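Per chain, numbering begins at 1; letters A, B, ... match sequence-line order. The model shown is predicted, which means the values in this text are computed figures rather than measured ones.
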Amino acid sequence: MELFIIFLSAAIVNNFVLSYFLGICPFIGVSNKLTSAFSMGLATTFVLVLTAVVTWLINHLILMPAGLDYLQYVAFILVIASLVQFVEMFIKKTSQPLYRALGIYLPLITTNCAILGLALFMVLRDYSMMESIFFGLGAGVGFTLALTIMAGIREELELADVPKPFQGVPITLITAGILAMAFMGFSGLI
Amino acid sequence: MSKTQTRYSEVFMNGIWKQNPIFKQVLGTCPTLAVTVSVINGFAMGVATAFVLLFSSMIISLIKKLIPNQVRIAAYIVVIATFVTIVDIVMKAQFPDLSKALGPFIPLIIVNCIILGRAEAFASKNTVGRSILDALGMGAGFTLALLVIGGIREVLGSSKFLGTVILPATVEPMLIFILPAGAFLTLGILFGTANHFEEKKKAKEIQRAIDNQMGAKNVNVTAAETTETAEKEKEA
């Protein structure tokens, strides 16, 4: 039950994008088309869960026993960067269709704040291995959800008559604001 | 001599408005939205980012010839992460309250696109002196933008400015502005307004160029008028 609450909290109530502002760059950059937004969401979810496992192991098996807590940030970011690289190579070797679907989005994920944010929140909240995995999964689902909803709205926005100075980024931000307001409605859920 | 000097000042001023990291390049939006609940938080975040930007730009432009091209991004990130760790430890020791308020957003400076972006686009191609100026300009531009957003959100959302109440009690604070939704709305509206003035300015410049070409006396008068109004707008 606790695991489910962690999952739900990361996915909907404290949505990573709309209430922690993690992963805003791809949220604004890649949310033009529904299909690419969904692929980006899937790729990010995959990397999020992997990161949760690997950073937990590194933090609990190497850094904490050795008293190297101050190396956390350097270690995490290096792990994330190399992990993304490995995932890209692995997918390229094993599944060509998946690579073609996710390929271009994978390198972008390294600089997605959601990934490093996940690792930092995990440490801050002292999650166990299982909790971390569910947290990562929830964060990924929440990211995919926000990105897909946004892409759907933006496809409709193309047809709307937006004042010229507000076209592009400004209207996207305002839409995100309204979306965040809508998500506030979930706050009583947990 | 004067030529190089203007170019140096240009490098610095670029970051403040022409290529402002937030309003022009749309970089580093995560911390911008997350920590600007109040002026002081925005200021702390801006200074911390500027510090990391300054030192990482300096180091990266110093060692740019030593880094093999294939691993440059990883090398940049390690340099950046080292300085972020320093900032984080110093803040925890000296300003524990601020450090608690900013939470994981201090370590998240590592993935702030401004720093990696400037390292890749500027510091890796320019001399140390120019990189330092560029970092200072970008850092100042970022801090200014955070101050503006933080100011608007603090006044509207909690009727306070720098912690002291400035609006009369009859004005109900609009809570939405210190909630996440308000962050998106504030930045969106500011962004649109900035675009609006930029477009107006551009239109005026084109108009002025046309007027100058015509060279007629009466047209020159209107051109002078437009510059006057442009200056007034700037002041406003």
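- Pairing each heavy atom of B:Gly192 with each of A:Pro165, the nearest pair is O-CB, 3.5 Å.
- For chain A, the option among B:Ile189, B:Thr32, B:Thr193, B:Thr186 with the highest count of heavy-atom pairs below 4.5 Å is B:Ile189.
- Between B:Pro104 and A:Leu124 there is a side-chain heavy-atom pair separated by less than 4.5 Å.
- By the 4.5 Å heavy-atom criterion applied to side chains, A:Leu22 and B:Phe105 are counted as neighbours.
- For A:Ile174, the parts lying near chain B are the backbone and the side chain together; criterion is any non-hydrogen pair under 4.5 Å.
- Of the atoms belonging to B:Ile176, it is side-chain heavy atoms, and not backbone ones, that fall under 4.5 Å from chain A.
- For A:Ala176, the parts sitting under 4.5 Å from any heavy atom of chain B are the backbone and the side chain alike.
- Atom CG of A:Leu173 and atom CG of B:Leu187 lie 5.0 Å apart (nearest 0.5 Å).
- The number of heavy-atom neighbours closer than 6.0 Å to CZ of B:Phe43, taken from other residues, nucleotides and ligands shown, is 12 or below.
- B:Ala194 does not touch chain A: none of its heavy atoms, backbone or side chain, sits under 4.5 Å away.
- Taking all atoms of both residues into account, the shortest heavy-atom contact from A:Val74 to B:Ala81 is CG2-CB, 3.8 Å.
- With contacts defined as side-chain heavy-atom distances shorter than 4.5 Å, the pair B:Phe184/A:Ile24 qualifies.
- Between B:Asp88 and A:Tyr73 there is a side-chain heavy-atom pair separated by less than 4.5 Å.
- Of the listed residues (A:Leu179, A:Leu116, A:Val123), the greatest number of heavy-atom pairs within a distance under 4.5 Å of chain B belongs to A:Leu116.
- Heavy-atom distances place no part of B:Ile80 under 4.5 Å from chain A, backbone and side chain included.
- Heavy-atom distances place the side chain of A:Phe121, and not its backbone, under 4.5 Å from chain B.
- Atom OG1 in B:Thr85 sits 9.5 Å away from atom CD in A:Gln72 (nearest 0.5 Å).
- Of the inter-residue distances, the one linking B:Leu179 atom CG with A:Ser19 atom OG reads 10.5 Å to the nearest 0.5 angstrom.
- Under the 4.5 Å side-chain criterion, counting only non-hydrogen atoms from C-beta, A:Pro170 is in contact with B:Asn195.
- In plain terms, the two heavy atoms of B:Ala181 and A:Gly177 that are nearest each other are CB-O, 3.4 Å.
- Between the CD1 atom in A:Ile77 and the OG1 atom in B:Thr82 there is a gap of 11.5 Å [rounded to 0.5 Å].
- Looking at B:Leu190, there are no atoms closer than 4.5 Å to chain A (heavy atoms on both sides), in backbone or side chain.
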Derivation of the side-chain contact (heavy atoms from CB on, under 4.5 Å) call for A:Leu78 and B:Ile77:
CA-CA 8 Å; A:Leu78 275 180; B:Ile77 283 189; 5.6 Å; no
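- Closest approach of A:Phe21 to B:Leu33, counting heavy atoms only: CD2-CB, 3.4 Å.
- With a 4.5 angstrom heavy-atom cutoff, A:Leu18 touches chain B via backbone and side-chain atoms both.
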